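The block underneath contains the structure these notes are about, expressed in structure tokens.
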Amino acid sequence: MIAMKNPEGKPGRPWAVLALVVLIGINLRPFLAAPGPLLVDIGHDLGMSLEGISVLTLLPMLLMGIGAFVSPRIQAAIGTRRGMLIALSVLAIGSILRLEASSGVLLILTAALCGASVAFIQAAFPGIIKENFPNSIAVVTGLYSAVIMGGGALGARAMPALTNMGFSWRAALAWLAAPAVIALAAAWLTLKEARSARPDKNLVGHLLSRPRTWALMAAFGLVNGGYSSVITWLAPYYQSLGWRSADSANLVAIMAICQAVAALALPALARHGTDRRPWLLLTLAMQAIGFAGLAFSPDSAAAFWVGICGAGLGSSFALAIVTALDHLPHPEQAGALVALMQGGGFLLASVAPLLLALLHDWTGTYSAGWIMHIGFVAVTSALYLSFKPESYAAATRLNGLAPGI
């Protein structure tokens, strides 16, 4: 049974909060994944180059990184509930404004609004999970991560369907405001504000002084660089090989579905132990196999390469959050560490689609970019091996720092 408490320590409503986990999580990736199957049309309509198209992923990921650094301070200043409501409102507005995206610059600005709002949500939500589900962190984090990836699948698959129904690509992208509005209403009804849920204002500086924080950032960034490259370039890659837009969208959906299943399954399997490293290394092995298939044999067993790569990316995302949460006992401190891990990680990950575009320009093929990500997997393996559970306390020592304010 999933145990839960609310910030005041009174009996909570676990199913209401679990529903909120689903409704919020499903909104955190469609704005990134949905344009993928439409990028050829968008680029042609707006006259955008490959490098310009990559900014649709680069800028929001960059803002997700920067925002995660400042989110704990915003959370401390205005509170978790108010911050979540504002962020969900901005996410809905960013999607609606895509109706008026008459140029590449305006489309990129809508992506920036969405990225900034998701930055706060992703920074605050793991702490909410640890606070409300202290005995089921791995399982609920797996659910949260699975829904995030499932949202990406929904966004990618819905776009060709909507355009086939007669909607323009602008109107199709604007429909993503609907689930954001639903999540906003659910958060308004479910979230309660509590002063104890606000992290110490000095916590960010303390955590940034610890080498482990930077190691978590690097590992998270290298893995999510693979994700950002795949959601940006997988569909155009297969379209360049002669695949139809709908078929390439199916591959993006397969990837996201496999991400969701693995993000739910692996944390559940890993919940009985404290050492996450064997499972983390398994996620990297799956990524390496997938990227190698994309680079060297893309048309042979394409669904398998995409699926196993997606499974590795999705489960690594979930287990990275669980591993960071394991480092500190207090929800506010652990949540801030996750926020910083995501902040530095997304800053690093934001560059990957641009690097892949540049490699494509230099070599005339996407394969060089997939090989680049195999190298990233090798570096991440070394970082994961250093995350020994017995080192957590020393690696994140925060002497004299209060759990909350």
Side-chain angles (χ1 to χ4, degrees), residues 20 23-39 41-43 45-46 48 52-71 74-75 78 82-125 147-156 158-159 162-163 167-188 224 227-228 231-232 256 342-343 346-347 349-350 353:
L20 186 63
L23 291 172
I24 287 181
I26 207 168
N27 280 280
L28 301 186
R29 289 298 179 273
F31 80 99
L32 283 174
L38 308 176
L39 283 180
D41 292 336
I42 293 171
D45 193 9
L46 301 181
M48 299 175 71
I53 288 172
S54 72
V55 176
L56 288 173
T57 302
L58 186 155
L59 183 59
M61 294 282 280
L62 191 67
L63 290 171
M64 287 159 64
I66 295 171
F69 281 106
V70 302
S71 289
I74 296 173
Q75 192 179 352
I78 68 175
R82 188 182 302 172
M84 291 289 289
L85 295 178
I86 293 172
L88 287 167
S89 299
V90 173
L91 180 59
I93 291 169
S95 295
I96 292 171
L97 288 177
R98 289 185 160 180
L99 278 171
E100 303 300 324
S102 57
S103 69
V105 172
L106 290 176
L107 184 61
I108 289 168
L109 287 176
T110 65
L113 283 176
C114 294
S117 61
V118 168
F120 182 88
I121 296 168
Q122 290 187 149
F125 218 63
V147 175
I148 289 177
M149 306 308 168
L154 176 65
M159 294 304 104
L162 288 171
T163 55
F167 290 96
S168 68
W169 63 261
R170 294 177 179 85
L173 293 176
W175 267 107
L176 296 177
V181 171
I182 294 171
L184 173 62
W188 181 277
N224 280 276
Y227 174 77
S228 60
I231 62 168
T232 304
Q342 292 184 103
F346 282 127
L347 286 175
S350 68

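Small disclaimer: the values here were computed from a predicted structure and weren't measured.
At a threshold of 4.5 Å between non-hydrogen side-chain atoms, the residues Trp169 and Leu46 count as touching. The closest side-chain heavy-atom distance from Ile121 to Ile24 is below 4.5 Å. In this structure the side chain of Ser228 never reaches within 4.5 angstrom of the side chain of Ser350, judged on heavy atoms. Side-chain contact between Ile86 and Ile78 is present, with at least one heavy-atom pair separated by less than 4.5 Å. Side-chain contact between Glu100 and Thr110 is absent, with no heavy-atom pair separated by less than 4.5 Å.
Between Ser95 and Cys114, the shortest heavy-atom contact is N-SG, 4.0 Å. Of all heavy-atom pairs between Val147 and Gly25, the closest is CG1-C, 3.7 Å. The shortest non-hydrogen separation linking Pro30 to Gly151 is CG-O, 3.2 Å. Closest approach of Ala172 and Phe167 over heavy atoms only: N-CB, 4.4 Å. Taking both residues in full, the closest heavy atoms of Leu106 and Ala101 are given as CB-CA, 4.1 Å, listed atom of the first, atom of the second, then distance.
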For this session: Begin with the C-alpha distance, continue with both residues' side-chain angles, and end with the deciding distance and a verdict on side chain to side chain contact (heavy atoms under 4.5 Å, CB included) for Gln122 and Gln342.
Result: CA-CA 8 Å; Gln122 290 187 149; Gln342 292 184 103; 3.6 Å; yes

For this session: Start with the C-alpha gap between Ile148 and Ile26, add the side-chain angles, then the distance that decides, and say whether side chain to side chain contact (heavy atoms under 4.5 Å, CB included) holds.
Result: CA-CA 5 Å; Ile148 289 177; Ile26 207 168; over 6 Å; no

Problem set entry | Test side chain to side chain contact (heavy atoms under 4.5 Å, CB included) applied to Ser117 and Leu88, step by step | CA-CA 7 Å; Ser117 61; Leu88 287 167; over 6 Å; no

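Between Ile231 atom CD1 and Arg29 atom CZ the span is 7.5 Å, to the nearest 0.5 Å. Distance OG/Ser89 to CG/Leu184: 4.5 Å, rounded to 0.5 Å. We find the CG-CZ distance between Leu176 and Phe31 to be 10.5 Å, quoted to the nearest 0.5 Å. Between atom CE of residue Met159 and atom CD1 of residue Ile42 there is a gap of 9.5 Å, rounded to the nearest 0.5 Å. Annotation: the span from Trp175 atom CH2 to Ile96 atom CD1 amounts to 11.0 Å, rounded to 0.5 Å. From Leu162, atom CG reaches atom OG of Ser168 across 10.0 Å, with rounding to the nearest 0.5 Å.
A donor-acceptor pair under 3.5 Å is absent between the side-chain atoms of Asn27 and the main chain of Ala183, judged by distance alone. In this structure, the side chain of Arg98 does not engage the main chain of Leu107 through any donor-acceptor pair within 3.5 Å. No side-chain donor-acceptor contact under 3.5 Å links Asn224 to the backbone of Phe346.
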